[in-house]
Amino acid sequence: MGDTGRRTSTPSVRQEPTPMPRLALYTLTVCLLAVAAAVVSFVQGNWLGIVWVLLAGLTSNMTWYYIRRDRARQTSVTG
């Protein structure tokens, strides 16, 4: 009735992770640079750092978009 701990099916084939799309890498780089610029701006007492925070948020969303779009494209081709 319960699970005996044995597997009756064949082991699953492991897939290698796919590399991150190029646009996602670019937007991630811009996001990290914008965060660094925001920190420097706020440490210096400059309120222009708000613009850097907004840019970091935008590029973060773009990074997730490009990653998810690439994954969806791969599953539609292989699936």
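Computed from a predicted structure; not experimentally measured. Side chains are part of it too, since the values below use all heavy atoms of this structure and drop only hydrogens, waters and symmetry mates. Just so you know, residue 1 is the first one in the sequence shown, and it goes up from there.
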**Item:** Heavy-atom pair of closest approach, residues A34 and W52
**Value:** O-CB, 3.5 Å
**Asked** What are the two closest non-hydrogen atoms of C31 and A56, and how far apart are they?
**Response**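 Taking every non-hydrogen atom into account, SG-O, 3.5 Å.
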Reported [atom1]-to-[atom2] distance for the pair [X] and [Y], which is rounded to 0.5 angstrom:
X	Y	atom1	atom2	answer
R68	R73	CZ	CZ	14.5 Å
T59	L54	OG1	CG	10.5 Å
D70	T75	CG	OG1	9.5 Å
M62	L23	CE	CG	7.5 Å
S60	Y65	OG	OH	15.0 Å

**Request:** Output yes when a side-chain donor or acceptor of T63 lies under 3.5 Å from a complementary backbone atom of L28, and no otherwise.
**Result:** yes
According to a hydrophobic-cluster definition based on side-chain heavy atoms being under 4.5 Å apart (Ile, Leu, Val, Met, Phe, Trp, Tyr only), do [X] and [Y] belong together?
X	Y	value
W64	V30	no
L33	V35	no
V53	L32	no

**Request:** Share the residues that join V51 in a hydrophobic cluster, the rule being Ile, Leu, Val, Met, Phe, Trp or Tyr side chains under 4.5 Å apart at the heavy-atom level.
**Result:**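 Once heavy-atom contacts under 4.5 Å are chained together, V51 belongs with L48.
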**Message:** Under the criterion side chain to side chain contact (heavy atoms under 4.5 Å, CB included), I'd like the reasoning laid out for I50 against F42: C-alpha separation, chi angles, the key distance, then a yes or no.
**Reply:** CA-CA 9 Å; I50 293 173; F42 284 130; 4.0 Å; yes
